[in-house]
J.: 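Encoded as structure tokens, here's the structure I'll be asking about.
Every chain is numbered from 1 and lettered A, B, ... according to where its sequence line falls, protein lines coming before strand lines. Any value given below was found using the heavy atoms of this structure, including those in side chains, with hydrogens, waters and symmetry copies removed.
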2 protein chains.
Amino acid sequence: MTRYSTKKGKLLKRKNIQKDRGMDMNEQEKKEDRRVRRTKKLLTQALTQLLQTKQINEITVKELTELADMNRGTFYLYYKDVFDMLEKIEDGMFERLDQIISAHENEDMSVQTRPMLEDLFVFIEENQEMCRVLLSPHGDMNFLHRLNEVLRDKFLKAWHNQAFHQKETGKAETEFDYHYSFVVFGCAGLIRAWVSRACRESTKEMAQLADTMIRCGVLTQASV
Amino acid sequence: MTRYSTKKGKLLKRKNIQKDRGMDMNEQEKKEDRRVRRTKKLLTQALTQLLQTKQINEITVKELTELADMNRGTFYLYYKDVFDMLEKIEDGMFERLDQIISAHENEDMSVQTRPMLEDLFVFIEENQEMCRVLLSPHGDMNFLHRLNEVLRDKFLKAWHNQAFHQKETGKAETEFDYHYSFVVFGCAGLIRAWVSRACRESTKEMAQLADTMIRCGVLTQASV
DNA sequence: CAGAAAGTCAACATTGTGTTCTATATCATT
DNA sequence: AATGATATAGAACACAATGTTGACTTTCTG
């Protein structure tokens, strides 16, 4: 499910970290100490910078903290290693992503796709540096995977109904899964192309483009 | 372009490796020494096995060679580190991919998409273990990136002409790029879904599915 | 068979890791 | 502004993997 650790006796320590901080919503909301925010911000900036020139595996805690100009031990107060750090950064993005989607959810779980997409692309633009890195060659496949998982639950039902309303077919659930996978990865490709061009096109343009391509992909099943 | 190295004085050594072996087509064809093949095969098997339970960054040369039951020093005769090894394995796959595509290329650079796709999915099925790993959460974003690059050159022209034959539009090259990115990543998602289901559907079915979705995506531009 | 090439084995200095301790700086609060 | 609480700095530590080397043995090729 989540990531494994090579070192044996250190999972406990990590669990403690996750329990003490972060996991409790209330604690999250009560803003962290200013020093903590500063530290995490500096580390995130350093990581983002390093990820532009090298793979994450080649990034050591040592050089990361040196670039951020802080003590190496400080890093371990918040993260287990560099990969854990990236994962936690992603956690934050997925939290916001979830908020954005939920805001457009109706009570019957259906979603107003188009306006939601517009908000989504605004969010991506705001976080374009991180998105660019995560979808770059040096990026993180796990990010794509998690994106897949999150969106799946949200949209599968809505789209499923929508597509089957168009034309009743006897196609299996599995074929719908293929379309779904195609579309989600496709959107990732779309976003990747966009952020790698520094988000030159407007968010509205992109939302329209995405909307069109999603509908096409989803409705293909009914029209085959 | 390619990967960087943290360690300063070791690029030279690696260059030597790449020059001595691999890079020269003729040498590649003249089968390597049986021992070399055996060594590389054992290492590849061990890597594939390890990648199913852990991230590549957590795999050490030590455990890899222990699993393959060989001396650690032997590893360094062929690879710089574990990532370099994965990259070289990918090199081999891209070579074969190139052959498959080229075999379906007409003299005007156009491509018979459908039969090519069928061959492609056969190839993927043959290499499903590695594909599954490369597209998994533990996978390699650089693989996707390289796939993008390789296919881009091959297909952009063909599809471009095809789409503009359908309906003449004034849309810019950039928008076509977005469709292209969507489709290539989408195919990756499709393949990922397929191999993660142990390739249950037939290669022909998948080729048809892919063909449909590709055409839909490409032709969207003309029909917006 | 003989020479070449590949692999084994043991040893080495080097580097990053993860943790711990004390001391200092910064924070939130009254 | 003084307070106690908390975060960070700084240095030290044992430990593990790295990358390389040299002498040896095995395996391949012709």
J.: Using heavy-atom distances to pick each residue's nearest nucleotide on DNA chain C, tell me which of B/Arg38 and A/Asp81 is more 5'.
T.: B/Arg38
J.: Which distance, rounded to the nearest 0.5 Å, do you find between the CG of A/Leu144 and the CZ of B/Phe185?
T.: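 Those atoms lie 6.5 Å apart.
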J.: To the nearest Å, how far apart are B/Lys62 NZ and C/dG16 P?
T.: 20 Å
J.: For A/Arg38, does the CZ atom have more than 12 heavy-atom neighbours from other residues, nucleotides or ligands under 6.0 Å away?
T.: no
J.: Take the protein atom CG of A/Leu77 and the nucleotide atom C1' of C/dT20, then report the distance between them rounded to whole Å.
T.: 12 Å
J.: Would you say A/Glu129 has more than 12 foreign heavy atoms packed within less than 6.0 Å of its CD?
T.: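 Not buried by this count: 12 neighbours or fewer within 6.0 Å.
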J.: With hydrogens left out and only the distance checked, is there a donor-acceptor pair under 3.5 Å joining A/Arg72's side chain and the base of C/dG16?
T.: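 A donor-acceptor contact between them is absent.
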J.: Taking A/Ala210's backbone N and O only, do any of them form a donor-acceptor pair with B/Tyr178's side chain (distance below 3.5 Å, no angle check)?
T.: no
J.: Side chain of B/Asn71, base of C/dG7: donor and acceptor closer than 3.5 Å?
T.: no
J.: Is any side-chain N of the basic residue among B/Asp91 and B/Arg146 closer than 4.0 Å to the acidic one's carboxylate O?
T.: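 A salt bridge is present here (some side-chain N lies under 4.0 Å from a carboxylate O).
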J.: Would you please confirm or rule out a distance under 4.0 Å between OP1 or OP2 of C/dT15 and any side-chain N or O of A/Thr60?
T.: no
J.: Rounded to the nearest angstrom, tell me the gap between atom CG in B/Asp69 and atom C1' in C/dG7.
T.: 12 Å
J.: State the NE2-NE2 distance between B/His138 and A/His145, to the nearest 0.5 angstrom.
T.: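 If we round to the nearest 0.5 Å, B/His138:NE2 and A/His145:NE2 are 9.0 Å apart.
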J.: Does D/dA7 have OP1 or OP2 under 4.0 Å away from a side-chain N or O of A/Thr39?
T.: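 No, outside the criterion.
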J.: What is the separation between atom CE on B/Met70 and atom C1' on C/dA6, rounded to the nearest whole Å?
T.: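 Rounded to the whole Å, the gap is 11 Å.
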J.: Rounded to whole angstroms, how far apart are CG on B/Leu42 and C1' on C/dA6?
T.: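 Spelled out: CG on B/Leu42 to C1' on C/dA6 is 14 Å.
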J.: Round to the nearest Å and state the distance from A/Tyr76 atom OH to C/dT20 atom P.
T.: 13 Å
J.: Output one letter per nucleotide in nucleotides 23-30 of chain C: B when a protein non-hydrogen atom lies under 4.0 Å from the base, S when only the sugar-phosphate is that close, - when neither is.
T.: --BBSS--
J.: Between P on D/dG19 and CG on B/Leu64, what's the gap in Å once rounded to a whole number?
T.: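 Roughly 13 Å, once rounded to whole Å.
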J.: Over how many whole Å does the gap from A/Asn57 atom CG to C/dT17 atom P extend?
T.: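 So the CG-P distance, A/Asn57 to C/dT17, works out to 12 Å.
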J.: Would you call the rings of B/Phe143 and B/Phe94 parallel, tilted or perpendicular, taking 30° and 60° as the class edges?
T.: tilted
